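Take a look at the structure set out below.
Lettering follows sequence order; numbering is per chain, from 1. Side chains included, hydrogens not; waters and symmetry mates left out as well; all remaining heavy atoms used. Predicted model only: the values in this text are computed from it and were never measured.
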There are 2 protein chains.
Amino acid sequence: MDRLASIKSFVRTVETGSFSAVARELQTTQPTISKQIAALEDYLDVQLLTRSTRKLKLTEAGEQFYSHCQAILDTVDAAEASVGKRQQPSGLLRINCPITFGQRIIIPRLKAFLAQYPQIEVDLMLSDRIINLVEDGVDLAIRIGNNSDQSLIAQPIGTTRVNTMAAASYLEEHGEPQSPQELADHNCITYTQLAKPNEWNYQSKSNDPCVVKVNGNLKVDSSVAICQAVLSGLGIALAPTWLCCDDISQGDVKLLFPDYKPNLLPIYAVYRRGRFQPAKITCFIEYLAAEFKLDPWLADESLLPR
Amino acid sequence: MDRLASIKSFVRTVETGSFSAVARELQTTQPTISKQIAALEDYLDVQLLTRSTRKLKLTEAGEQFYSHCQAILDTVDAAEASVGKRQQPSGLLRINCPITFGQRIIIPRLKAFLAQYPQIEVDLMLSDRIINLVEDGVDLAIRIGNNSDQSLIAQPIGTTRVNTMAAASYLEEHGEPQSPQELADHNCITYTQLAKPNEWNYQSKSNDPCVVKVNGNLKVDSSVAICQAVLSGLGIALAPTWLCCDDISQGDVKLLFPDYKPNLLPIYAVYRRGRFQPAKITCFIEYLAAEFKLDPWLADESLLPR
DNA sequence: TATAATTCATTCCAAATCAGAATGAATCGG
DNA sequence: CCGATTCATTCTGATTTGGAATGAATTATA
């Protein structure tokens, strides 16, 4: 029996609560995991998990053992990373990020990254739902806006600017509002995921915050849809500039209210705390941070030309 | 490949400097160790050892890796010890101690110990030479007198009393000296392992230290021989009382100079520092310490009836 | 200097192990 | 009550493993 492999399987089993899930994650089959853990129990001469046909539960001994396991895997990782070829980042890198951000920002940058680090493989998991890094076995998540989970480290790597925007075609047809207050006379596309989708906040460059109530005939719950809707000229939206950055550059979409500050949201690279940091993770974060610094749509505000 | 097994083999290889030695220690064959380490190198993609047909040498990477390995094994040991049946002491316990001490003191006590801990196996290695615990893969050594190696922990578990003694038959034939000074007229058996075999130190109960020069027609380099020589009535010897304790009790051997304090030497249990302490080691030390406390020949001076 | 002994690498073979497919039983959700 | 999912078990084929044998190199010994 390979105790290390068993321990790894055990750890992931505890974290996912399922042999099958671990099997999928480790690219093997459920009987393999089942037998590995049985062998580990046999070796330790103690039961680690109580199994019902559908649920797993840690025994007291299992809890005891689990509390040591992360340390074992970390120590081994550190030892292996300290020598040879493994100093070169390698392995499978599981990334999670919001769907549209992945499509627009991450995927176009993956090719160069993978070319730079030929020994890394990426498994990109797109979801707008906030996932649990531990349960889903994700190495790294990209999150926009503040993060609450204290068991995670959130490293800022860029800034999202949220602006009011509309298609040039829409503005031609309906006229361009000159101040947020005029939005009341326009069709505004609202994002139902927000706490108050119909209240848009503004702050003029002279520092007067104000809230504007908006309305419109289109509410959506995905940023993909916002983008599509704006492009189709369906109305005015408040959205991250990177969502339509190409169209803005080409003049198809126009940013409104240049005299108002954009809302700024930090972009974070989020990863597990207290864990040995594989090189594959840190080098991807560094790559992204460098990329974002060069991209005027994502760079930190302070670095932008005024 | 079982990485943990390979790491263990690697660690022992570094410490012994030989595949064959490790193979003997781990009860396997040399090709097995050779292949394990080759597999580990293959896995890490780096050479750990440079091999000539007869010598092994750590590479830089090997040194790097080795510096992490003890931590790995310790973490794993701690994890395994924290659960289940393994809390009960078990496994192979390698003990080293001086030859006569082993024969007279340790072996007679092993039976009860092994009966108390049926899952422990003992490998007792007797040698008067001071061995290297690490190199020889010894868990625990019993040493008499002070220990110098700072990488080892020496825990006092008893006291050796060194007394002047002779067989009753010898005393009948040659008369019994009444003070150390009279030893000049007797045949004294000297122990050549000491720095000054012919100088015996005495301290009367009124605290006057003195040195006596002795001579005789028998010099020996082993404590077994001293014991035999005394019993055969060959002469007077300065020796640990436990060496002939049965004969002393039976009156065949007599302790001289009751008005002088015996020289006291501490008996230490010596084990490796900074390492996770397997239960098998600590329980043997505790067992011995308890046994010695009950044995008037070995108990600590302060506990003895005056 | 020659011989014996020890060391490590390699090869080969038998035995053990392991991974995966198939199957079955239990449970959960609808 | 049915379909889907979960875990355990069994079986089989493939892989891996461990040990004996061998050979080359080196050291110790005579």
Side-chain angles (χ1 to χ4, degrees), chain A residues 1-59 61-62 65-66 92 129 131-132 135-137, chain B residues 1-59 61-62 65-66 92 129 131-132 135-137:
Chain A
M1 179 198 40
D2 183 341
R3 269 137 84 208
L4 272 187
S6 298
I7 288 174
K8 187 164 188 183
S9 299
F10 171 64
V11 166
R12 294 302 302 144
T13 301
V14 173
E15 289 168 351
T16 61
S18 153
F19 289 171
S20 306
V22 177
R24 285 189 291 270
E25 182 179 316
L26 301 182
Q27 328 245 31
T28 178
T29 59
Q30 169 264 319
T32 299
I33 306 296
S34 177
K35 279 183 281 187
Q36 274 185 342
I37 300 213
L40 185 61
E41 292 180 322
D42 209 49
Y43 169 75
L44 294 173
D45 218 350
V46 74
Q47 198 170 2
L48 299 172
L49 299 164
T50 48
R51 303 132 162 95
S52 73
T53 32
R54 237 183 138 70
K55 283 233 175 93
L56 300 176
K57 194 164 168 296
L58 265 180
T59 63
F65 191 67
Y66 175 71
L92 180 62
R129 182 179 61 89
I131 57 133
N132 181 322
E135 264 178 36
D136 292 322
Chain B
M1 179 198 42
D2 182 340
R3 269 138 83 206
L4 271 188
S6 299
I7 288 174
K8 187 165 189 181
S9 300
F10 171 65
V11 166
R12 295 301 303 142
T13 301
V14 173
E15 289 168 352
T16 61
S18 154
F19 288 172
S20 306
V22 177
R24 285 190 292 270
E25 182 179 315
L26 301 182
Q27 328 246 32
T28 178
T29 59
Q30 169 264 320
T32 299
I33 307 295
S34 178
K35 280 184 278 187
Q36 273 184 344
I37 301 218
L40 185 60
E41 292 180 322
D42 207 51
Y43 169 74
L44 294 173
D45 217 351
V46 74
Q47 198 169 3
L48 299 172
L49 300 163
T50 50
R51 304 137 164 93
S52 73
T53 31
R54 233 180 142 72
K55 285 236 175 88
L56 299 175
K57 195 167 168 297
L58 265 180
T59 63
F65 191 66
Y66 175 70
L92 180 62
R129 182 179 60 89
I131 58 137
N132 181 321
E135 264 177 35
D136 292 322

Kindly indicate whether the side chain of [X], heavy atoms from C-beta on, has any atom under 4.5 Å from the side chain of [Y].
{"X": "A/I33", "Y": "A/Q36", "answer": "yes"}
{"X": "A/F65", "Y": "A/L40", "answer": "yes"}
{"X": "A/T16", "Y": "A/E135", "answer": "no"}
{"X": "A/F10", "Y": "A/L58", "answer": "yes"}

How long is the gap from [atom1] on [X] to [atom2] on [Y], to the nearest 0.5 Å?
{"X": "A/K8", "Y": "B/R3", "atom1": "NZ", "atom2": "CZ", "value": "7.0 Å"}
{"X": "A/T13", "Y": "A/L56", "atom1": "OG1", "atom2": "CG", "value": "7.0 Å"}
{"X": "B/S9", "Y": "B/K35", "atom1": "OG", "atom2": "NZ", "value": "13.0 Å"}

(message) Can you give me the closest heavy-atom contact between B/V46 and B/A61, atom names plus distance?
(response)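 Residues B/V46 and B/A61, closest heavy atoms: CG2-CB, 3.5 Å.
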[X] side chain near [N] phosphate (N/O to OP1/OP2, under 4.0 Å):
{"X": "A/R51", "N": "D/dA8", "value": "yes"}
{"X": "B/S18", "N": "C/dC8", "value": "yes"}
{"X": "B/R24", "N": "C/dT7", "value": "yes"}

(message) Near DNA chain D, counting only heavy atoms under 4.0 Å, which residues of residues 27-42 of chain B show up?
(response)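 Hits under 4.0 Å, by residue number: B/T28, B/T29, B/P31, B/T32, B/K35.
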Taking [atom1] from [X] and [atom2] from [N], how many angstroms apart are they, rounded to a whole number?
{"X": "B/L56", "N": "C/dT7", "atom1": "CG", "atom2": "C1'", "result": "9 Å"}
{"X": "B/M1", "N": "C/dT17", "atom1": "CE", "atom2": "P", "result": "18 Å"}
{"X": "A/R3", "N": "C/dC18", "atom1": "CZ", "atom2": "P", "result": "13 Å"}

(request) Among A/T32, A/L49, A/T29, find the residue that satisfies the side chain to side chain contact (heavy atoms under 4.5 Å, CB included) test when tested with A/F19. (result)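 Result for side chain to side chain contact (heavy atoms under 4.5 Å, CB included) with A/F19: A/L49.
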(request) Return yes if some donor-acceptor pair links the side-chain N/O of A/Q30 with the main-chain N/O of A/A23 below 3.5 Å, else return no. (result)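 Checking the backbone N and O of A/A23 against the side chain of A/Q30, no donor-acceptor pair under 3.5 Å is found.
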(request) Test A/Q47 against A/T59 for side-chain hydrogen bond (donor to acceptor under 3.5 Å, both in side chains), laying out the working first. (result) CA-CA 7 Å; A/Q47 198 170 2; A/T59 63; over 6 Å; no
(request) Could you encode protein contacts along nucleotides 24-30 of chain D as a string, one character per nucleotide from 5' to 3', using B for base contact, S for sugar-phosphate-only contact and - for no contact, with a heavy-atom cut-off of under 4.0 Å? (result) -SBS---
(message) Angle between the two end axes of the helix from C/dT1-D/dA30 to C/dG30-D/dC1, five base pairs per end, rounded to 10 degrees?
(response)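 Helix axis angle between the two ends: 40°.
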